[in-house]
Amino acid sequence: MSNTDEQGGGPAVAGSLAHRVPDLGALELLLAVARLGSLGGAARELGVTQPAASSRIRSMERQLGVALVDRSPRGSRLTDAGALVTDWARRIVEAAEAFDVGAQALRDRRDSRLRVAASMTIAEYLLPGWLLALRAQRPDTAVSLHAGNSTVVAERLLSDEADLGFVEGLTVPTGLDSVVIAHDRLIVVTAPGHAWGRRRRPVAAEELASTPLILREKGSGTRQVLDAALGGLARPLIELSSTTAVKAAAVSGAGPAVLSELAVGEELAMRRLVRVPVDGVALARDLRAVWPTGHRPTGPARDLLALTRG
């Protein structure tokens, strides 16, 4: 015996549930017809035209292979099959409503916090302004910031300890996608009383490479860019873990340092540091936002990313 619909249709077609089960909109329409006893009333309640509602009911009947609604001048009445399908539809719609409530709770939890990891220069000199702008947009989002070198930023993102990261190195760490958000230049600075602060001719790349410098630790974006540009560095004069510490050591007269232009504007203006011209080496670099490959930022992370690019 073949499986045919009550209106003389063909046999039911096997396939995925998406092809065999009516969509939520159709089920909500059927429930409205059952509740109101009128196809026109159901159409008005759901904000569709009556012809569109009739077409949707007919399409659902063809899909299921049974008649669901008897239409007459006095209104619309469910068939016996329609009443049974309506009971099933009610359970599906209730489950969908529970699903929607749960999904909204997940979005609310996601949107209530933002974990940012950033390399030191970005964390100290760019992120404060971006986070103030984000607070104006999302006053209820709690933001935590972890500052570290580019290697640490990558580790936190890949271990799901951060939602968005910012790095300064030459390359994007493995496992991360990125976008350039700004450009920066490294400059050589020293205290005015240092010999390099008084010299008239630029420091050659070879001399810079062979001179012990006040440097950030290995793994920092600044160190990576400088090392790659010079093809190697002399043993550091001092190795420090933050831009602020490197800058303070340079101001004290300990020796020359290589720092982001972003970090030394005030010190240069106040003559606590002087810029040392360098010849034969380019120290420009890109600043990047990063996130785990294939997981484009959403919620507050997406909004912060948009602010950095604005």
Side-chain angles (χ1 to χ4, degrees), residues 116-135 143 145-154 162 164-173 178-192 194 196-197 202-203 208 213-230 233 236 238-252 254-278 281-290 304-310:
V116 180
S119 51
M120 299 301 296
T121 301
I122 298 175
E124 292 182 88
Y125 301 101
L126 292 176
L127 262 171
W130 295 336
L131 292 179
L132 281 174
L134 180 68
R135 183 172 179 80
V143 179
L145 170 61
H146 182 91
N149 63 38
S150 298
T151 301
V152 170
V153 172
L164 185 64
F166 298 93
V167 296
E168 307 158 11
L170 285 174
T171 59
V172 179
S178 74
V179 65
V180 174
I181 55 165
H183 304 283
D184 186 26
R185 180 179 291 107
L186 300 181
I187 61 174
V188 180
V189 294
T190 192
H194 188 273
W196 280 13
V203 174
L208 183 62
L213 303 170
I214 305 168
L215 294 174
R216 285 285 308 281
E217 79 286 3
K218 290 182 179 179
S220 74
T222 299
R223 180 83 168 258
Q224 290 173 8
V225 171
L226 183 61
D227 196 5
L230 295 176
L233 295 169
I238 310 172
E239 191 174 79
L240 298 166
S241 61
S242 76
T243 300
T244 299
V246 171
K247 186 164 57 174
V251 169
S252 74
V258 180
L259 288 164
S260 165
E261 222 172 14
L262 296 169
V264 293
E266 181 180 346
E267 286 74 18
L268 292 175
M270 301 294 293
R271 292 285 298 174
R272 292 198 292 269
L273 289 174
V274 294
R275 181 170 182 164
V276 179
V278 177
V281 62
L283 295 176
R285 62 178 177 175
D286 294 328
L287 307 182
R288 298 175 180 272
V290 289
L304 178 58
L305 179 59
L307 286 169
T308 67
R309 304 186 72 187

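No experiment lies behind these values; they were computed from the predicted model shown.
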Return yes if some donor-acceptor pair links the side-chain N/O of Arg285 with the main-chain N/O of Asp184 below 3.5 Å, else return no.
no
Checking side chain to side chain donor-acceptor pair (under 3.5 Å) between Asn149 and each of Arg223, Lys218, Glu217, Arg216, which is the one that passes?
Glu217
Gln224-Ser150 side chain donor-acceptor pair, cut-off 3.5 Å
no
Please round to the nearest 0.5 Å and tell me the distance separating atom CD of Glu239 and atom CG of Leu215.
7.0 Å
Run the side chain to side chain contact (heavy atoms under 4.5 Å, CB included) test on Leu208 and Val278 for me, step by step, so that the C-alpha distance in whole Å, both residues' side-chain angles and the decisive distance to 0.1 Å come before the verdict.
CA-CA 8 Å; Leu208 183 62; Val278 177; 4.2 Å; yes
Can you tell if the side chain of Glu267 reaches within under 4.5 Å of the side chain of Val251, non-hydrogen atoms only?
yes
Taking all heavy atoms of Ala284 and all of Val225, pick out the closest pair and write down the distance.
O-CG1, 4.2 Å
Considering non-hydrogen atoms only, spot the tightest contact between Thr222 and Leu186 and give its length.
O-CD1, 3.8 Å
Would you give the length of the straight line joining atom CD of Glu124 to atom OG of Ser119, rounded to the nearest 0.5 angstrom?
10.0 Å
Which atom pair, heavy atoms only, marks the closest approach of Val153 to Ala117?
CG1-O, 3.7 Å
Any donor-acceptor pair under 3.5 Å from Glu168 side chain to Thr121 backbone:
yes
Would you say Ser220 and Met120 make side-chain contact, with heavy atoms under 4.5 Å?
no
Nearest non-hydrogen partners of Thr190 and Gly197, listed with the distance:
CG2-N, 3.5 Å
Got a second to check how far Ile122's CD1 is from Leu262's CG, nearest 0.5 Å?
9.0 Å
Between Arg275 and Glu261, does any side-chain N to carboxylate O distance fall below 4.0 Å?
yes
Would you indicate whether the side-chain heavy atoms of Ile181 and Leu305 approach each other to under 4.5 Å?
yes
CG on Leu127 to OG1 on Thr308, rounded to 0.5 Å:
9.0 Å
Minimum heavy-atom separation for Ala250 to Ala191, with atom names?
O-CB, 3.5 Å
Less than 4.5 Å apart, any side-chain heavy atom of Ile187 and any of Leu283?
no
Check Tyr125 against Thr243 and note the closest heavy-atom contact, atom names and distance.
CE1-CG2, 4.0 Å
Is there side-chain contact between Val189 and Lys247, with heavy atoms separated by less than 4.5 Å?
no
Any heavy-atom pair between the side chains of Phe166 and Leu126 that's under 4.5 Å?
no
How many angstroms lie between CG in Leu307 and CG in Leu131, if you round to the nearest 0.5 Å?
9.0 Å
Measure the CH2-CG distance between Trp130 and Leu304 for me, rounded to the nearest 0.5 Å.
7.5 Å
